[in-house]
Every structure is written in structure tokens, then in C-alpha cells.
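Each residue takes its place number in the sequence, starting with 1.
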Amino acid sequence: MAALARAEMTLLGRTKATLFAALFVPLVLPFSLRSTVDQMDLDGTGLSVGSVILPSAIGFSLLFAVYSSLVSVYAARREELVLKRLRTGELRDTEILAGAALPSVAIGLVQSVVLSVACIALLDAGAPRAPHYAVLGLLLGLVMWPALAAVTSSFSKSVEGAQVAAMPLVIVSMIGSGFVPLEVMPDRLASVVELLPLTPVVTLIRGGWAGHLSAYDALGAVATGVAWTVLALFAVRRWFRWEPRR
């Protein structure tokens, strides 16, 4: 798995477009939309500008550095018959997929740390009041989104088609689980948005930073995230394609 991860990191460095999207978009996008957050009415929510932007920035890192890049990786390795050849060796299926995902997961983890430090320094986000929730949310996202990427890549016939297949979930997650906290949404809309796969991750990280998340709400977010993860893992076992689609 370590050798496979090193090979994937080398190949990722050679794919300039994917590398740019993975490294720079999550770092630039959140801060470019700060003016939108400044206009939100956060009175009575217990949130600040920093505690709104920081979880969303980490969420964007999961979308672009982990999910979007891995959709392309899995599709490319499948079309190049790399996955098929790897299955003839000693690695199990889970280890093949995990090894290919390790570089993107590592980038997402490092970006999350960098974004946290930047938000603390530049946006006065402060230290997390319930760090265990923030860590739990990040770990949940780092497991869930590679699995969702593997599922998405199964429904594309090429690398280009994989990027198109990934866009609906990216757009819906950015709009529904991005900058707008559930606390400022209408109740009916919030009840729908909280079922999106990125929402429990952002909720746990935001609650961990602001310290206002109750145990009941945290349990609900964890349950939603685990449900998405289990569903994605089941879909991978059931529908993931190891050979090119013809």
C-alpha cells in the first residue's frame, strides 16, 4: 500500500490540472467569499465569521482535494487496466482502493490543518471549544468522501466523464452544506440540507469550534455521516468496476 501510495503521489504531481484543483482551489475559494459571510445575520447563533468560514473551507478541501481528485484517479487507473493488474497481486480490493486514496487523503488532512491555522490567525476563529467534535468530523469526512469517489467513478466511461459525474454532488454540497449554516436556514430547508453527505462533517467541525453543539445534535450528525459511509462502502462492493466500461 505504501508503494502504491508513492506511485499515486508521483502521478498526481504530473497531472497539473488535478493538482491545481486539489491544492489551491480549497485554499482560495473560502476567503474569496468572506464578504458573503459578513452579510449574514449571525446574531443569536453563537457563530462568528471565522467559525462559519473555517468548517466550510475544510469541507471544500474534502470536495476538491479528496473527492473530485479521487474520482479522476479511480477512473484513470481503471481505464489504464492498472486496477485489473493490481488485483492479480497480493493486495486485497480494499487495500488497492485505500492505497490509491492515501495521497489525496493526506493532502486533505494537511490542507485542513493549514486552513485551521489560517482562519485562527486571519479571521480570529479562536481555538476549538470542543476539539473532539472537530476531529471526529474531519476523520468522518476523510473516510466517507474516498468511498463516495469510488462509487461515482463507477458510473463514468472515461476520466473526462468522471469529472462530469462528480460535479452534481460537488455543486449540491457547496450550495447546501457550504457557507450557510443550518442555524440561519428556514427549518424546513435545514431539515433537508442536513441529510446531505457533507453536512454532518461541517456540522461537527463547526460545532467543535463554536462549542454550541449539543450531544443530541452531534449524535444525529454522526449517525448521518456513518449512514452515508456505510451506504457508500456497500455501493463500492456492489457496483465498483475494476475493468474499463465498454
Side-chain angles (χ1 to χ4, degrees), residues 1 4-5 7-26 29 59-89 91-108 111 140-178 195-199 201 225 227-246:
M1 288 181 63
L4 179 58
E8 288 294 344
M9 181 64 78
T10 302
L11 292 172
L12 180 61
R14 296 174 180 174
T15 311
K16 305 304 180 184
T18 302
L19 187 63
F20 176 83
L23 291 179
F24 296 106
V25 172
L29 186 60
F60 289 158
S61 179
L62 294 174
L63 286 178
F64 289 97
V66 180
Y67 174 69
S68 184
S69 64
L70 273 179
V71 171
S72 297
V73 167
Y74 287 138
R77 304 300 171 262
R78 180 193 68 215
E79 296 302 312
E80 295 165 354
L81 299 178
V82 173
L83 297 180
K84 183 177 181 180
R85 289 195 296 269
L86 286 173
R87 295 187 85 193
T88 64
L91 289 174
R92 294 186 291 268
D93 290 352
T94 303
E95 294 171 337
I96 294 172
L97 297 179
L102 282 178
S104 296
V105 171
I107 291 174
Q111 276 189 346
L140 184 63
L142 291 175
V143 174
M144 180 200 308
W145 285 98
L148 289 173
V151 175
T152 304
S153 70
S154 303
F155 298 97
S156 61
K157 295 182 178 181
S158 64
V159 178
E160 294 77 12
Q163 284 299 303
V164 174
M167 287 307 296
L169 184 55
V170 170
I171 294 174
V172 169
S173 298
M174 289 180 64
I175 296 175
S177 307
L195 298 178
L196 295 175
L198 185 60
T199 301
V201 176
W228 273 107
T229 304
V230 172
L231 181 62
L233 292 175
F234 171 78
V236 171
R237 292 180 62 88
R238 179 66 177 82
W239 290 297
F240 186 79
R241 299 185 64 90
W242 297 90
E243 300 183 22
R245 297 175 62 94
R246 303 301 184 192

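In this model, a donor atom of one side chain and an acceptor atom of the other lie less than 3.5 Å apart for Y67 and T152.
Side-chain contact between W228 and T199: absent, with no pair of heavy atoms (C-beta onward) separated by less than 4.5 Å. Contact of the R78 side chain with the S156 side chain is registered, since non-hydrogen atoms from C-beta on lie closer than 4.5 Å. F64 is listed as a side-chain neighbour of M174, based on a closest heavy-atom distance under 4.5 Å. Between S154 and Y74 the shortest side-chain heavy-atom distance does not fall below 4.5 Å. Proximity of V82 to R85: side-chain heavy atoms (C-beta onward) are separated by under 4.5 Å at one or more points. For the pair W145/V105, no side-chain contact is recorded, criterion being any heavy-atom separation below 4.5 Å from C-beta on. V66 has its side chain within reach of P146: a pair of non-hydrogen atoms, C-beta onward, lies under 4.5 Å apart.
Taking CZ from R87 and CG from D93, the interatomic distance works out to 4.0 Å, rounded to the nearest 0.5 Å. Here the straight-line distance linking atom OG of S68 with atom CE of M167 works out to 7.5 Å at 0.5 Å rounding. Going from atom CG of L198 over to atom OG of S177 covers 4.5 Å, rounded to the nearest 0.5 Å.
The two residues A149 and L70 make their nearest non-hydrogen contact at CB-CB, 3.6 Å. Nearest heavy-atom pair, L140 versus G225, reported as atom, atom and distance to 0.1 Å: CD2-CA, 3.6 Å. Listed here is the closest heavy atom pair of A232 and V151: O-CG2, 3.4 Å. The shortest non-hydrogen separation linking S153 to V71 is CB-O, 3.7 Å. Scanning all heavy atoms of the two residues, the minimum distance from E79 to S158 falls at CG-CA, 4.5 Å. Taking both residues in full, the closest heavy atoms of V170 and L63 are given as O-CD1, 4.0 Å, listed atom of the first, atom of the second, then distance.
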Verdict with reasoning, F240 to L83, per side chain to side chain contact (heavy atoms under 4.5 Å, CB included): CA-CA 11 Å; F240 186 79; L83 297 180; 3.8 Å; yes

Side chains of residues 94-104: which donor-acceptor pairs under 3.5 Å do they make with residues two or more places apart or in other chains?
| from | atom 1 | to | atom 2 | distance (Å) |
| --- | --- | --- | --- | --- |
| E95 | OE1 | R92 | N | 3.0 |
| E95 | OE2 | R92 | NH2 | 3.0 |
| S104 | OG | S69 | OG | 3.2 |

